[in-house]
Amino acid sequence: MCGIVGYIGYREAYPIVIKGLKRLEYRGYDSAGIMLYDESGLKVSKTKGKVSDLEEKSKEIASSKATVGMGHTRWATHGVPNDVNSHPHLSNSGKLAIIHNGIIENYEPLKKELIKRGYTFQSDTDTEVLINLIEEVKKKENIKLGKAVQIALNQVVGAYAICVFDVEKPDEIVVARLGSPLAIGVGKDEFFIASDASPFIEYTSNAIYLEDEEMAIVRLHKALKIRKIKDDSLVDPYIQELQMNLEQIEKGGYDHFMLKEIYEQPNVIKDTYRGRLHANEGIIQMAGIEDNIEKFLQAERILIVACGTSWHAGLVAEYIIEEFARIPVEVEYASEFRYRNPIITSKDVVIAISQSGETADSLAAIKLAKEKGAFVFGVCNVVGSSISRESHAGAYTHAGPEIGVASTKAFTTQITVLTMIALRLAKAKGTLSNSDYFRYLQELEIIPEKVAEALLTNDKAKEIAAIYKDATNCLYLGRGYNFPVALEGALKLKEISYIHAEGYPAAEMKHGPIALIDEQMPVIVIAPKQGHYDKVVSNIQEIKSRSGKIIAIVTKGDTQVRGLADHIIEIPETSDALSPLITTIPLQLLSYHIAVMRGCNVDQPRNLAKSVTVE
Ligand code: F6R
């Protein structure tokens, strides 16, 4: 959470930083700030609100010819979102400035110590403590900024991606990372610093991703030197060629990123299986799996760790891996797993699922699993992300940048990867008949067409959204493979429209939630023809008898549910195991339209951030 941007070079910094912040706004958007340095000195503008509010507020400094600048978009941890708590923060002397993504956990004792030494604080933030600690070290030891940052960081506990600027050395920015991402774009006579590469994609395709516990002094006309924060040893900079392009991070004519990303699903699912799925030859080939197939085959169980939507994809994977490959699977919330002293052995394979690859709890969970000797396999979207690097092996989902805070295409591409893994393991273990194996491969290959057909339900979803947009509660029910889809449907609705929603296994309803049903309660039931259709039909009857409003997702041509439900949304037929890839589409559309009709900010829902880098 929080996005950081820095620039040092020969171009005007203001527009680069502001545009960069807009691209990083998905990371946090409760306040924003910018710092520029030109011949008349340091200029800082910060405000509660979005980057557009900052643009408004910083008009006076917008014409600065400064060629060095830093900006921040915040997701508050310490201190409420207000102007004062926004970054950048200045040191007491007013000479040092910092932007920070992360949390300094031991800021209170450090602050007390600094107060004893005469420091005063304007904000409630941990970040202001860090910049004053750096100032204190610099003064006391009479050393340069880079060294002072290094010494100060060795005293802090927590997580950070920081940029530090010193008016006495205006040709450099000191950067460091531990636990929060930091990319350096390397141009000719210029450098860009950001939480991800999106702010500098149009200027350079060369990027260096700092590793944890590394720092660098980004200095004009000097080669970049990266050092280990702990022992000062030099690290060879590894320059990566970026795969992202500008089109991928723009809205492309859609009103919202979320809608664009929903519509991208047929293509990105193809991108996910391209070169890996060869349906006619009966081959699934994923390097990360092939190289480690024995680890999977010898595993006593597979543990899946993830959060949020990725956890829902993990639940689908549990069903599919157990059914196809007959390997026991357990799915854990990473945040619980990491703190509950779980039993993990070297016979476990741990799959971490994460779109961003930066989720703090998932990262900590895999570190724990590695310590206990488990083999860790990452399923991430963001190339080069912390989880992908920390895993022993992995498979990228290749969904392209997901910018809407509510996850959509990440979910379906994660399921696609996990389905391929299940099929590959089933083939190796001989747990699926040859004919079933071939049938699933062929079905998976044509899933993108079915997803495209499911997207044709958009108008129907919009029509239903108009009827239920003012609901205060909603239930989502599904069974088997579609129970996780019910959870995901409910999560999508609550996070972007702020309507309270619950997902339940349809049969569990009678153990409590049925008490909620009355004529006001919309109940979305996922009832495709395959799977436990008859059972779900009985559950629909139970809702009907209690006058609930039924919105059913059914297979095209269904007549039985049509007779019971208030509304139906028809989707193309596919096998039960692959159905989450289809049933989830109308639920995404329904949430999207309800949120738009309620006037909610679909891409940036309140209180949320795309990448949860704090625990
Ligand atoms: C929901 C959503 C979140 C994320 C969760 C995990 O729409 O986006 O629930 O799924 O924060 O994030 P990743 O997958 O990046 O680890």
Side-chain angles (χ1 to χ4, degrees), residues 1 3 26-29 75 179-181 195-196 256-259 261-262 265 304-317 331-338 350-367 376 378-391 394-415 417-418 476 484-498 501 503 584 587-592 595 600-615:
M1 9 261 285
Y26 72 88
R27 301 180 62 84
Y29 34 80
W75 188 86
S180 301
S195 301
D196 70 36
H256 298 96
F257 280 110
M258 181 180 175
L259 192 61
E261 288 156 8
I262 290 173
Q265 288 175 108
I304 296 180
V305 290
C307 303
T309 290
S310 297
W311 184 80
H312 297 155
L315 284 182
V316 176
V331 190
E332 297 255 8
Y333 283 119
S335 54
E336 288 296 313
F337 178 80
R338 63 179 287 200
V350 172
I351 300 181
I353 309 172
S354 176
Q355 187 286 128
S356 62
E358 302 294 345
T359 300
D361 284 320
S362 304
L363 190 56
I366 64 168
K367 286 184 178 161
V376 175
V379 176
C380 297
N381 188 36
V382 177
V383 177
S385 55
S386 302
I387 293 174
S388 63
R389 284 187 314 212
E390 194 66 40
S391 302
Y396 285 117
T397 49
H398 298 308
E402 190 181 64
I403 293 169
V405 165
S407 217
T408 52
K409 62 176 180 171
F411 181 64
T412 45
T413 53
Q414 285 164 348
I415 294 176
V417 163
L418 294 158
Y476 284 73
V485 176
L487 295 178
E488 175 59 9
L491 176 62
K492 284 295 85 88
L493 186 71
K494 60 189 149 195
E495 70 182 327
I496 61 170
S497 72
Y498 319 138
T584 198
L587 302 189
Q588 294 171 347
L589 290 167
L590 189 63
S591 306
Y592 170 78
C600 299
N601 187 337
V602 172
D603 283 335
Q604 296 174 345
R606 72 182 179 208
N607 305 339
L608 294 179
K610 182 78 185 155
S611 168
V612 184
T613 53
V614 294
E615 56 175 285

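Quick note: residue numbers are just sequence positions, from 1. Order of listing sets the numbers, starting from 1, for every ligand and every atom in it.
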Closest non-hydrogen atom pair, [X] against [Y]:
{"X": "Ala334", "Y": "Ala365", "result": "CB-CB, 4.0 Å"}
{"X": "Gly503", "Y": "Leu487", "result": "O-CD2, 3.4 Å"}
{"X": "Arg606", "Y": "Tyr29", "result": "N-OH, 4.5 Å"}

Q. Considering only heavy atoms, which of Thr309, Thr359, Val379 lies nearest to atom 1 (C) of ligand 1?
A. Thr309
If the cut-off is 4.0 Å to any non-hydrogen atom of [X], which atoms of ligand 1 fall inside it?
{"X": "Ser354", "result": "13 (P), 14 (O), 15 (O), 16 (O)"}
{"X": "Ser310", "result": "10 (O), 13 (P), 14 (O)"}
{"X": "Ala406", "result": "7 (O)"}
{"X": "Lys492", "result": "1 (C), 7 (O)"}

Q) For Ser386 and Glu358, what are the C-alpha separation, side-chain angles and deciding distance, and is it a side-chain hydrogen bond (donor to acceptor under 3.5 Å, both in side chains)? A) CA-CA 6 Å; Ser386 302; Glu358 302 294 345; 2.6 Å; yes
When you measure from [atom] to every protein heavy atom, which one gives the shortest distance, and what is it?
{"atom": "atom 11 (O) of ligand 1", "result": "Val612 CG2, 3.9 Å"}
{"atom": "atom 5 (C) of ligand 1", "result": "Cys307 O, 3.7 Å"}
{"atom": "atom 8 (O) of ligand 1", "result": "Val405 O, 3.2 Å"}
{"atom": "atom 7 (O) of ligand 1", "result": "Glu495 OE2, 2.5 Å"}

Q: Would you please test Ser310 and Gln355 for side-chain hydrogen bond (donor to acceptor under 3.5 Å, both in side chains) and show each step?
A: CA-CA 7 Å; Ser310 297; Gln355 187 286 128; over 6 Å; no
Q) Mind checking whether Met258 and Ile496 have side chains closer than 4.5 Å, heavy atoms only? A) yes
Q: Mind telling me whether His312 and Phe411 have parallel, tilted or perpendicular rings, with 30° and 60° as the class edges?
A: perpendicular
(Q) Does any N or O of ligand 1 fall below 3.5 Å from an N or O anywhere on Gly308, backbone included? (A) no
Q) What do you reckon, does Ser362 have a nitrogen or oxygen under 3.5 Å from a nitrogen or oxygen of ligand 1? A) no
(Q) Between Ser407 and Glu402, do the side chains contain a donor N or O and an acceptor N or O under 3.5 Å apart? (A) yes
**Q.** ligand 1-proximal atoms of Glu358, by part, heavy-atom distance under 4.0 Å
**A.**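 For Glu358, no heavy atom sits under 4.0 Å from ligand 1.
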